[in-house]
Amino acid sequence: MISDLKKAAIPAKLTKALTGIKGFDEITEGGLPKNRPTLLCGNTGCGKTVMSMEFLVHGTVQFNEPGVFFSFEETVDELITNMKSIHIDIEGLISEKKIYIEYLESGKNQVAQAGSYDLEGLFMRLQNAIQKVGAKRVVLDSLDALFYGLDKEILRIEVKRLFKWLKEKGVTSLITSEINEHFITKSGLEQFVADCVITLDSRVINQTTTRRLRIVKMRGSGHGINEYPFMIDGVGVSILPITSQLASQNLSDRRIPSGVKDLDGMLDGKGYFEGSSILVSGSAGTGKT
């Protein structure tokens with residue numbers, strides 16, 4: 001009876017969906033929360049769209065999970081052209097019906113004409129897109145364009161509805177949003193309803209641009225808590241979890257004599273560890289060379 005109670009007290013481990021992005025699955029301990037929405041925030045040009053597209057492409061190619069990409073800013077042709085710069089052939093995946101991309105024009109005029117904001121139209125189009133390819137992954141790029149011009153009260157309600165709907169459909173979703181000076185997102189609301197929040201930024205220090213990623217929260221799971229540098233090059237996104245890479249290196253217990261008898265005596269009589277780096281420090285004329 002007691003053992004049964006102990007088992008019941010142990011929380012179920014959060015299931016993850018691998019992204020296939022270099023280094024990212026390591027610092028998230030397995031990827032994004034499966035069948036849950038994740039909010040990806042960042043300033044302009046930091047790589048939100050590229051990372052989102054890689055999440056879909058790797059999901060399709062490596063993990064047999066088709067995806068849907070709804071863009072509210074870039075047209076389908078623009079996305080196809082832009083992804084070619086990092087050698088991602090989404091045109092081929094579209095023709096094979098493994099990825100479905102749709103551009104939806106959204107803005108203040110559309111909201112004003114409607115008189116009130118209603119997501120039912122978006123839900124119907126998403127549902128149709130998911131059924132077309134049997135999607136397991138969904139990307140919405142971006143939240144700011146989708147909810148442009150709404151006041152905070154309506155925004156809070158509609159974002160909750162959107163995230164709840166995505167959960168009910170059982171898809172692993174990634175929603176992008178612009179970052180704000182004082183809040184994680186421009187409105188300062190969305191992060192409270194997302195299960196996982198990730199921020200990207202591109203900063204210039206001493207005339208050098210550096211991109212960094214941070215996992216703000218991930219409900220029900222452990223994750224790396226530091227800022228991690230990342231790159232976007234000809235092969236896509238690469239996260240650089242430096243700390244974990246150093247910690248996982250194999251160390252040798254073999255020794256190599258230094259050639260100096262007394263120094264080897266100070267090192268347990270055996271010398272340096274094989275594969276180690278030795279720093280010899282001293283002022284000029286002390287005999288370093």
Side-chain angles (χ1 to χ4, degrees), residues 14 17 32-44 46 48-49 51-53 55-56 67-76 79 100-133 135-200 215-220:
L14 180 66
L32 298 178
K34 193 174 184 67
N35 303 334
R36 294 187 180 189
T38 292
L39 191 60
L40 181 64
C41 309
N43 49 19
T44 303
C46 65
K48 299 186 296 297
T49 301
M51 185 171 287
S52 300
M53 188 61 76
F55 162 70
L56 276 196
V68 166
F69 192 106
F70 267 37
S71 173
F72 302 98
E73 295 180 333
E74 296 178 84
T75 65
V76 178
L79 283 169
Y100 176 82
I101 302 178
E102 186 169 341
Y103 167 66
L104 295 177
E105 187 175 358
S106 180
K108 192 171 184 178
N109 292 336
Q110 284 77 8
V111 176
Q113 290 171 8
S116 62
Y117 202 89
D118 193 347
L119 287 175
E120 292 305 318
L122 174 65
F123 291 161
M124 290 176 64
R125 297 181 78 156
L126 268 173
Q127 178 67 37
N128 183 50
I130 290 170
Q131 290 176 347
K132 278 184 178 179
V133 295
K136 301 294 182 183
R137 302 184 179 206
V138 169
V139 171
L140 300 179
D141 184 32
S142 72
L143 207 62
D144 307 281
L146 175 61
F147 293 123
Y148 181 79
L150 296 185
D151 63 53
K152 288 188 177 182
E153 194 59 39
I154 298 175
L155 178 62
R156 183 189 294 272
I157 295 170
E158 295 302 326
V159 169
K160 282 185 177 180
R161 285 185 63 206
L162 174 62
F163 283 19
K164 183 175 182 289
W165 188 90
L166 290 168
K167 277 186 179 181
E168 289 173 350
K169 296 303 172 184
V171 292
T172 306
S173 49
L174 194 59
I175 301 101
T176 70
S177 179
E178 289 287 324
I179 208 162
N180 185 278
E181 185 180 353
H182 304 290
F183 299 101
I184 294 175
T185 58
K186 282 186 175 180
S187 62
L189 296 174
E190 297 90 332
Q191 64 268 32
F192 299 113
V193 295
D195 291 303
C196 178
V197 177
I198 299 167
T199 61
L200 308 179
I215 304 163
V216 179
K217 75 171 182 179
M218 188 180 290
R219 287 174 183 156

Of the non-hydrogen atoms in [X] and [Y], which two are nearest, and what is the gap between them?
X	Y	value
Ser71	Leu79	CB-CD1, 3.9 Å
Leu200	Cys46	CB-SG, 3.6 Å
Ala129	Val68	O-CG2, 3.6 Å
Gly67	Leu56	CA-CD2, 3.7 Å
Ser142	Thr176	CB-OG1, 3.1 Å
Tyr100	Val133	CB-CG1, 4.0 Å

Pair Thr38-Ile198, side-chain contact (heavy atoms from CB on, under 4.5 Å): steps then yes or no = CA-CA 8 Å; Thr38 292; Ile198 299 167; 3.9 Å; yes
side-chain contact (heavy atoms from CB on, under 4.5 Å) between Gln127 and Trp165, intermediate numbers included = CA-CA 10 Å; Gln127 178 67 37; Trp165 188 90; 3.8 Å; yes
As an exercise, state the distance from [atom1] of [X] to [atom2] of [Y], rounded to the nearest 0.5 Å.
X	Y	atom1	atom2	value
Phe72	Glu102	CZ	CD	9.0 Å
Glu74	Phe69	CD	CZ	7.0 Å
Tyr103	Phe70	OH	CZ	13.5 Å
Leu40	Leu143	CG	CG	11.5 Å
Leu104	Arg125	CG	CZ	4.5 Å
Leu39	Lys217	CG	NZ	9.0 Å

Test side-chain contact (heavy atoms from CB on, under 4.5 Å) applied to Leu140 and Leu162, step by step | CA-CA 11 Å; Leu140 300 179; Leu162 174 62; 3.9 Å; yes
Ignoring hydrogens and geometry, is there a side-chain-to-backbone donor-acceptor pair from [X] to [Y] under 3.5 Å?
X	Y	answer
Lys34	Leu14	no
Lys48	Glu178	no
Arg137	Phe55	yes
Asp195	Arg36	no

Met53 and its side chain to side chain contact (heavy atoms under 4.5 Å, CB included) partner, picked from Asp141, Ile101, Val139 =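 Result: among Asp141, Ile101, Val139, Ile101 is the only option passing the side chain to side chain contact (heavy atoms under 4.5 Å, CB included) with Met53.
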Report, as yes or no, whether the 6.0 Å neighbourhood of atom NZ on Lys160 holds more than 12 heavy atoms from other residues, nucleotides or ligands.
->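 Counting neighbours around NZ of Lys160, 12 or fewer heavy atoms of other residues, nucleotides or ligands fall under 6.0 Å, so no.
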For the pair Ile175 and Val159, evaluate side-chain contact (heavy atoms from CB on, under 4.5 Å) and give the outcome as yes or no after the intermediate values.
-> CA-CA 11 Å; Ile175 301 101; Val159 169; over 6 Å; no
